[in-house]
Amino acid sequence: MELLVEGVSHAYGALPVLEGIDLAVRPGEILSLIGPSGSGKSTLLGIMGGLLRPYAGRVSTRGRPPAGCLNPLTYVFQDFALLPWRSVAGNVSLALDHHRLPAGERRERVADALARMGLADFAAAFPRQLSGGMRQRVGIARALVVRPAVLLLDEPLSALDAQTRDLLTEEFLAIWQRERTTAVHVTHNLGEALRLADRIAVLSRRPGRVREILPVDVPREERSAAARAGRIAELHAHLWALLRDEARAADLELAEPARGGR
Amino acid sequence: MSAPEARPVPFRGGGFVRRPRRLVSLSALFGLVLAWQAASWSGLANPLFLPAPAMVAAALWELARSGALAQHLLASLGRVAGGWLIGTGLGLAAGLAVGIFATARAAGMPLVSALFPIPKIAVLPLFILWFGIGEPSKVATIAAGVFFPTVIAAAGGVDAVPRSLVRMGQSFGLPAWAIVWRIVVPGALPSVLAGFRITVAIAVILVVAAEMIGADTGLGAFVLMAGNLMRTDQLLAGVVVLSLVGLSAAGLVSLAERLLLRWR
């Protein structure tokens, strides 16, 4: 499924955070959104999934969701957003509980999602018993269980340590290779964007505008290969050059007034 | 040049740690009872005004055997249970509404703030005029006393549910009732149960006060009567039973917390 953002602007009170955003997320691609803090990338992701109402512009989808899709636009959250009183399996099935599904299919979907994230042995565990990486695996399993048409990943790895981040990136890519689900991925980590994305959209600092959309012209399988390290470094340098001054200026700004936030 | 002498880094941590000291807790309790008994033996305490623990125990045994204890205890427990259940039911409904709906909050919170500080026993005479001298006026007093703290605890619990969890529910297309039932209510439960701890104590206090004003059964009426007759041993026996009632109620709340908040 395709996701189209047309002329989206947004403001928190008198503070403009996004201005005239046009983006087309192509079917089956991973689009990374990067930008300095306060560039409104998470706000944009919230608008894309219908959790925030933009004050101007519109977001639309084109194409049919895959068979068995229960929630076309599905988020994975930075803070995992797990219910602490539900077990791992309970958290995953939360996404299904309000749908009319045969009990067998419900069980099967949950078991399948848990198995794909390597959580089969942890089905009965509670979130507090899990490490950060395992918690986010639950978050991803909960997203997979509804067979999403577009995945909206809101800094999914930012709360994790570097090694866990690398592990989860590889696992996520392995799963993504099979389904090729369209995905939008917000991050402030250039390396993560260069590992995952087909294209990288760079937002300016507040109010966020699209500064550049950069295709990552190295096939995903070759991105860790030594032979392509040069090209990846070039792309990294280019992105960093785009971001550096913006990030410095953003850093010197006063924190947003109370209603701001990310 | 010789290296300067190595000096050990002095230890500065330690202390400020909580450690269970069961024996100390138990001996404090027994110590108090023993000191009290000793005071009576030595003649320091006049048994008419402060009967020895043994006399209180004997009075308690006598009351239990005659059936008077069961009669008064059951009367009080019935009022507590009825008033607490009504007050809690209404309080939870109002508290959830106040926590969830901005309009209910705007209308409800000033009312709660204005009515909560009124000592509920002060409105018992009004309730007696409304409902008569019988059970309903006492139950209503207890319900009123339980209602307001429950509203505050439930509304506070709803406020404490992270916004991000509600957004997550919305992002998966959960209908509003499912967000309330599966996210908001369980999230508010710890605060609600903490409120129960307070409201069971309030219910016990109010039942005694209400029974002292207008009843001939119940532990409050019994304690008052024993005082009027200078039967301090029976009076204290009633007080001991009241303490046990409060302890059991708190124990039930602890049990509920253990069962319902296992995930913490």
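A note on names: the letters A, B, ... follow the listed sequences, proteins ahead of strands, and every chain is numbered from 1.
If you measure heavy-atom distances from Leu152(A) to chain B, you find no contacts under 4.5 Å at all. In this structure, the portions of Leu94(A) lying under 4.5 Å from any heavy atom of chain B include both its backbone and its side chain. In this structure, chain A has no heavy atom under 4.5 Å from any part of Leu261(B).
Listed by first and then second residue, the ring-ring contact (aromatic ring centres under 6.0 Å, His included) pairs that reach into residues 77-114 of chain B are Trp84(B)-Phe196(B), sequence neighbours excluded.
Counting heavy-atom pairs under 4.5 Å between each of Pro175(B), Ala178(B), Gly169(B), Pro162(B) and chain A puts Pro175(B) at the top. Interface remark: of the candidates Ala95(A), Pro84(A), Pro127(A), Pro84(A) forms the most heavy-atom pairs closer than 4.5 Å to chain B.
For the pair Phe172(B)/Val146(A), a side-chain contact is recorded, criterion being any heavy-atom separation below 4.5 Å from C-beta on. For the pair Met168(B)/Leu83(A), a side-chain contact is recorded, criterion being any heavy-atom separation below 4.5 Å from C-beta on.
The 12-atom threshold is exceeded at CG of Leu255(B), counting heavy atoms of other residues, nucleotides or ligands nearer than 6.0 Å.
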Between chain B and chain A, donor-acceptor distances below 3.5 angstrom:
from: Ser164(B); atom 1: OG; to: Asp79(A); atom 2: OD2; distance (Å): 3.2
from: Ser171(B); atom 1: O; to: Asn71(A); atom 2: ND2; distance (Å): 2.9
from: Phe172(B); atom 1: O; to: His98(A); atom 2: NE2; distance (Å): 3.3
from: Gly173(B); atom 1: O; to: His98(A); atom 2: NE2; distance (Å): 3.2
from: Arg182(B); atom 1: O; to: Trp85(A); atom 2: NE1; distance (Å): 3.4
from: Arg262(B); atom 1: O; to: Arg128(A); atom 2: NH2; distance (Å): 3.1
from: Trp263(B); atom 1: O; to: Arg128(A); atom 2: NE; distance (Å): 2.7
from: Arg264(B); atom 1: O; to: Arg128(A); atom 2: NE; distance (Å): 3.3

